[in-house]
J.: 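Before I ask anything, let me first share the structure, which is written out below as structure tokens.
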Amino acid sequence: MPELCEAAACKVKDLAKHAMAREEMRVLDLCVKFFNSLLRLSIDSSSASPGCRANVLYRYVELVYAMLVYISEAGRQAGGPSLHSMALQERVNRIGRYMHLYSVLSM
């Protein structure tokens, strides 16, 4: 199971990064939804190993970091925030709320 979690999370992260670069917000939103479902499943499942949870969470954090880097670089190049970077920032904030909820649920 941990290998499947790792593979799924890695592929979804890659897909989300490509969607972000192509400004396909609907695809990015679906990737975030999938990450949330996979993370929630790994938290709720008694058969999921801690390694599975850690792998999914690690890939999710990697995606958030890539989003923040993209926002920073886009703002530097454009001389200020663009609509796309503002939309990404909104999604980063939403993901932060999800992660806070999952940290409470996993205790």
J.: Determine, using the 4.5 Å side-chain heavy-atom cutoff (strictly less than), whether I71 and V27 are members of one ILVMFWY cluster.
T.: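 Different clusters.
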J.: In Å and rounded to the nearest 0.5 Å, what is the OG to CD distance from S85 to E23?
T.: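 Spacing of OG (S85) from CD (E23) equals 9.5 Å.
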J.: Where the side chain of S37 meets the backbone of K33, is there a donor-acceptor pair that is under 3.5 Å apart?
T.: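 Answer holds: yes.
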J.: Hydrophobic cluster membership, with links at side-chain heavy-atom distances under 4.5 Å among I/L/V/M/F/W/Y: are Y65 and L57 in one?
T.: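 No; L57 is not reachable from Y65 via cluster members.
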J.: Quick one, Y60 and L38 - any side-chain contact, counting heavy atoms below 4.5 Å?
T.: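 Not in contact.
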J.: May I have the list of side-chain donor-acceptor pairs in residues 12-20 shorter than 3.5 Å, sequence neighbours left out?
T.:
unit_1	atom_1	unit_2	atom_2	d
K13	NZ	E62	OE1	3.0

J.: Hey, what do you get for CG (D29) to CD (E24), rounding to the nearest 0.5 Å?
T.: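 These two atoms lie 11.5 Å from each other.
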J.: Which atoms form the tightest heavy-atom contact between A9 and F35, and what is the distance?
T.: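 That closest heavy-atom pairing would be O-CZ, 3.4 Å.
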J.: Answer yes or no: is there a side-chain heavy-atom contact under 4.5 Å between L88 and M25?
T.: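 Counting from C-beta outward, L88 and M25 do come under 4.5 Å.
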J.: Taking side chain as C-beta onward, heavy atoms only, is L28 less than 4.5 Å from M67?
T.: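 Yes, their side chains come closer than 4.5 Å.
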J.: Could you state whether L63 and Y58 fall into the same hydrophobic cluster, counting links through intermediate Ile, Leu, Val, Met, Phe, Trp or Tyr residues with side-chain heavy atoms under 4.5 angstrom apart?
T.: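 No, separate clusters.
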J.: Out of curiosity, L41 CG to F34 CZ, how far, rounded to the nearest 0.5 Å?
T.: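 Reported value, rounded in 0.5 Å steps: 9.0 Å.
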J.: Can you list the residues that meet the ring-ring contact (aromatic ring centres under 6.0 Å, His included) rule with H84, with sequence neighbours excluded?
T.: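 By the ring-ring contact (aromatic ring centres under 6.0 Å, His included) rule, H84 matches Y70.
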J.: Contact between H100 and I95 at the side-chain level, heavy atoms closer than 4.5 Å - yes or no?
T.: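 Not touching, per the 4.5 Å side-chain cut-off.
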J.: Return the minimal non-hydrogen interatomic distance between S42 and R53, and the atom names on each side.
T.: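 Looks like O-NE, 2.8 Å.
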J.: Does any N or O in the side chain of R94 come within less than 3.5 Å of the main-chain N or O of E90, such that one atom is a donor and the other an acceptor?
T.: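 A pair under 3.5 Å: no.
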J.: Could I get the full list of side-chain contact (heavy atoms from CB on, under 4.5 Å) partners for R26, not counting sequence neighbours?
T.: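 Here the qualifying residues are L30.
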J.: Should V61 and V92 be regarded as members of a common hydrophobic cluster, given that ILVMFWY residues are connected when their side-chain heavy atoms come within less than 4.5 Å of each other, either directly or indirectly?
T.: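 Same cluster: V61 reaches V92 through Ile, Leu, Val, Met, Phe, Trp or Tyr contacts under 4.5 Å.
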